[in-house]
Visitor: 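Handing you this structure, nothing more for now.
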Number of protein chains: 2
Amino acid sequence: MTTAPGAPAGRRGGRRAPVMHDVARLAGVSHQTVSRVLNGSPGVRQATRERVEAAIAELDYRPNAAARALVTDRSAAVGVVVADTTLFGPASILLAVEQSVRRRGREVNVASLPDLDVASVADAFAYLEELRVGGVVVVAPQRTAADVMLALPEGTPVVAVDGGLVADLPIVCVDQALGAALVTEHLLDLGHETVHHVAGPPDWLEAEERVAGWRATLSDSGRGVPEPVGGGWTAADGYAAGQLLARDPDVTAVFAANDPTALGVVRALQEAGRRVPDDVSVAGFDDVPEAPFYGPALTSVRQNFPELGELAVATLLDLVAGAEVPRGRVPERTVTPSLAVRSSTAPPPTTRRTS
Amino acid sequence: MTTAPGAPAGRRGGRRAPVMHDVARLAGVSHQTVSRVLNGSPGVRQATRERVEAAIAELDYRPNAAARALVTDRSAAVGVVVADTTLFGPASILLAVEQSVRRRGREVNVASLPDLDVASVADAFAYLEELRVGGVVVVAPQRTAADVMLALPEGTPVVAVDGGLVADLPIVCVDQALGAALVTEHLLDLGHETVHHVAGPPDWLEAEERVAGWRATLSDSGRGVPEPVGGGWTAADGYAAGQLLARDPDVTAVFAANDPTALGVVRALQEAGRRVPDDVSVAGFDDVPEAPFYGPALTSVRQNFPELGELAVATLLDLVAGAEVPRGRVPERTVTPSLAVRSSTAPPPTTRRTS
DNA sequence: TTAATGAGCACCGCTCCGCCC
DNA sequence: TGGGCGGAGCGGTGCTCATTA
């Protein structure tokens with residue numbers, strides 16, 4: 001598409017891309033000044049700056065990333081370490097991050113994790129480090145990932161998305177515990193004695209926080225806290241958990257850790273002859289696009305993933321630019337989830353309260 | 001993590017990464033020879049080559065990608081243009097491609113499409129071109145993407161995934177028409193008079209091929225071909241189409257363009273008082289992990305996405321290496337889908353045939 | 001005197017060229 | 001023919017030193 005290196009022939013795709021020298025000539029300045037403008041160095045008069053910027057625009061000049069990376073030993077790219085992208089949450093966040101970064105004219109390098117062991121996470125970081133990315137967004141809210149992050153040498157800016165317990169890094173997150181509390185309160189408000197929970201994988205921090213939020217809400221209301229069941233994100237995991245819960249006639253309300261598990265729970269209950277929501281209410285988390293069309297339409301917690309991604313990128317680039325960014329979780333970087341109430345939740349079969 | 005640029009101090013993260021000269025010295029050859037070995041140039045004796053390789057291994061030397069990109073004006077990266085990654089298919093393919101590329105030690109640059117118009121697709125290509133990627137995998141099987149690809153200047157190798165009509169590029173694909181035929185035949189075999197189709201978005205080539213496969217199968221069996229309904233990939237689209245189909249009492253079998261639409265169809269039918277599969281059979285496409293847990297468990301077509309991604313990457317790298325790769329669709333690059341029969345499909349209410 | 005800019009150059013790590021043994 | 005040697009870029013960054021208003 002461009003000139004073959006060195007060869008005078010092969011100018012197939014049009015003329016050579018402009019380089020810094022071309023900009024300097026057009027603006028009537030030295031390449032030095034162009035560089036100063038590009039890097040926002042002080043000591044450039046406003047008028048000069050504007051002339052250079054006009055020349056850049058006219059030539060449609062883009063700095064050569066490879067040349068800059070070569071000399072600075074850092075690229076402007078943003079690396080993303082991401083767990084299983086077939087899951088709705090990580091996939092949505094990755095998409096949001098990718099688009100945010102590209103909108104800012106930077107490059108994204110993705111390292112997805114084939115497994116969730118420490119080696120896999122460490123590999124991903126090593127890969128991105130080898131690419132000399134300028135910063136990393138981590139969308140891998142597992143304990144193993146957290147462990148690796150804590151052991152990371154200083155140097156490359158890192159922002160964690162939803163990595164609730166890694167207090168030493170800037171964190172951008174959805175208030176998972178609040179989401180869990182919203183669902184649990186909703187179910188209690190409907191008149192249920194207590195709420196059972198089908199938990200996500202124990203290694204996932206999000207799963208843990210949802211458990212915590214659910215547990216705290218029950219305790220605060222003076223309700224019994226049943227033992228959580230489950231241990232995965234898939235519909236199959238939910239199905240297995242649902243079969244267990246179906247055996248207990250006291251179960252009238254179930255909060256599942258995400259929507260696929262909720263689907264599995266519903267299916268298992270229905271197969272066991274329990275109606276949803278007439279006999280048992282079920283709610284999920286994530287609010288996947290299909291949730292309104294499950295049978296019955298699923299009550300779920302919605303997270304604003306695009307906002308989360310944008311926030312993560314903005315924070316990371318602040319960090320890259322050398323700004324002081326508070327570590328850990330802070331309210332400005334915590335996204336509030338909301339509850340979408342649909343028809344999978346209803347009052348319990350016999351509302352003893354109001355008798 | 002590494003030495004601060006230029007500064008003699010700040011050697012924080014350990015010693016400097018080895019460069020080609022270090023390898024040359026250790027192997028007792030010149031940097032020239034190391035370069036020859038690295039690039040597989042001829043004219044290096046076997047013994048010398050082995051010595052160099054040993055030195056590379058001992059020092060754990062990795063060529064500096066930025067330096068190489070600077071001089072060759074091409075990076076070793078693979079670009080991926082991908083449509084809506086919240087859809088199961090594209091997300092799965094992207095994941096497969098990313099892992100395949102990384103396994104080969106190369107870098108991936110993703111450009112996802114915020115919209116499906118020509119400008120958006122052209123932007124994505126321009127972005128990747130600016131990054132000087134060595135090749136591009138396109139996972140955007142829309143007509144608009146195909147149009148842009150056809151207008152692409154020669155130069156950068158491109159492989160299309162599932163872009164059925166772009167005959168001038170190497171294509172890696174799932175035999176969509178065969179998948180559609182499998183479902184349609186399955187439904188006819190069950191005794192249905194004909195099969196209705198809820199189509200995907202008209203701009204998507206995959207959707208079109210599924211229509212074609214369905215239509216051909218019906219014609220070949222001498223059945224009437226009803227007008228397809230629908231026009232989207234979402235459960236909401238399927239729901240709308242299902243409401244339409246529910247009004248026609250002759251409808252006993254529906255093939256939906258993907259699983260979410262199938263879910264929507266099922267829901268609309270059920271709300272209209274039609275039982276699935278007793279009154280109407282419904283089948284989907286994609287076989288999402290949740291499909292077995294829909295109510296009823298959904299009959300669907302499974303595509304081997306990991307294989308597709310691996311094939312796409314292998315083909316692209318052959319192309320990058322200068323190999324002659326046949327254009328268009330060829331059997332070696334066509335992945336065969338399979339049918340997963342579950343409980344959403346059954347014989348029609350009254351099997352008139354066998355009376 | 002100072003702030004803004006220019007001129008020139010070394011350097012990042014690699015590829016490729018010419019020339020030599 | 002296999003290989004060494006030296007050197008010129010690639011397009012930036014950032015340094016020193018001189019020059020100008």
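Order of the sequence lines fixes the chain letters, A, B, ..., with proteins taken first and strands second; residue numbering starts at 1 for each chain.
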Visitor: Mapping Leu70(B) and Thr33(B) to their closest nucleotides on DNA chain D, which lands nearer the 5' end?
Guide: Thr33(B)
Visitor: Output the rounded distance in Å from CZ (Arg74(A)) to P (dG13(C)).
Guide: 13 Å
Visitor: Figure out the CZ/P separation between Arg132(B) and dG12(D), and round it to whole Å.
Guide: 10 Å
Visitor: Is any side-chain nitrogen or oxygen of Ser35(B) closer than 4.0 Å to OP1 or OP2 of dT15(C)?
Guide: yes
Visitor: If you pin Arg49(A) and Met20(B) to their nearest nucleotides in DNA chain C, which one's is more 5'?
Guide: Arg49(A)
Visitor: Check every atom of dT13(D), dG6(C), dC14(C) against the side chain of Val29(A) and return the nucleotide holding the closest atom.
Guide: dG6(C)
Visitor: Can Asp318(A) and Thr315(A) be said to form a side chain to side chain contact (heavy atoms under 4.5 Å, CB included), step by step?
Guide: CA-CA 5 Å; Asp318(A) 280 354; Thr315(A) 305; 5.6 Å; no
Visitor: State which residues pass salt bridge (charged side-chain N to carboxylate O under 4.0 Å, His left out) with Arg102(A); sequence neighbours excluded, sorted by chain then number.
Guide: Glu98(A)
Visitor: Select from Ala67(B) and Arg36(B) the residue whose nearest nucleotide in DNA chain C is closer to the 5' end of that strand.
Guide: Ala67(B)
Visitor: Report the distance from atom CG of Asp22(A) to atom P of dC10(D), rounded to the nearest whole Å.
Guide: 12 Å
Visitor: Looking at Ser30(B), does any N or O in its side chain come under 4.0 Å of the phosphate oxygens OP1/OP2 on dC5(D)?
Guide: no
Visitor: Nearest whole Å is fine: how far is dC14(C) P from Gln32(B) CD?
Guide: 13 Å
Visitor: Would you tell me if any nitrogen or oxygen in the side chain of Asn64(B) comes within less than 4.0 Å of OP1 or OP2 on dC12(C)?
Guide: no
Visitor: Start with the C-alpha distance between Leu319(A) and Val159(A), add both sets of side-chain angles, then the distance that settles side chain to side chain contact (heavy atoms under 4.5 Å, CB included), and finish with yes or no.
Guide: CA-CA 9 Å; Leu319(A) 214 55; Val159(A) 169; 4.2 Å; yes
Visitor: To the nearest angstrom, how far is Arg62(A) atom CZ from dC10(D) atom P?
Guide: 21 Å
Visitor: Strictly below 4.0 Å: does Arg68(B) bring a side-chain N or O up to OP1 or OP2 of dT15(C)?
Guide: yes
Visitor: Ile56(A) CD1 to dG12(D) C1': how many Å, rounded?
Guide: 13 Å
Visitor: Could you tell me whether His21(B) contacts a base, only the sugar-phosphate backbone, or nothing, with contacts defined as non-hydrogen atoms closer than 4.0 Å?
Guide: nothing
Visitor: Should Val138(A) and Phe125(A) be marked as a side chain to side chain contact (heavy atoms under 4.5 Å, CB included) after you check the CA-CA gap, both sets of side-chain angles, and the distance that decides it?
Guide: CA-CA 9 Å; Val138(A) 183; Phe125(A) 277 103; 3.6 Å; yes
Visitor: Between atom CG in Asp73(A) and atom P in dC11(C), what is the gap in whole Å?
Guide: 17 Å
Visitor: If I take atom CZ in residue Arg45(A) and atom P in nucleotide dA21(D), what distance separates them, rounded to the nearest angstrom?
Guide: 11 Å
Visitor: How close do Arg333(A) and Gly328(A) get, counting heavy atoms only, and between which atoms?
Guide: NH1-O, 3.2 Å
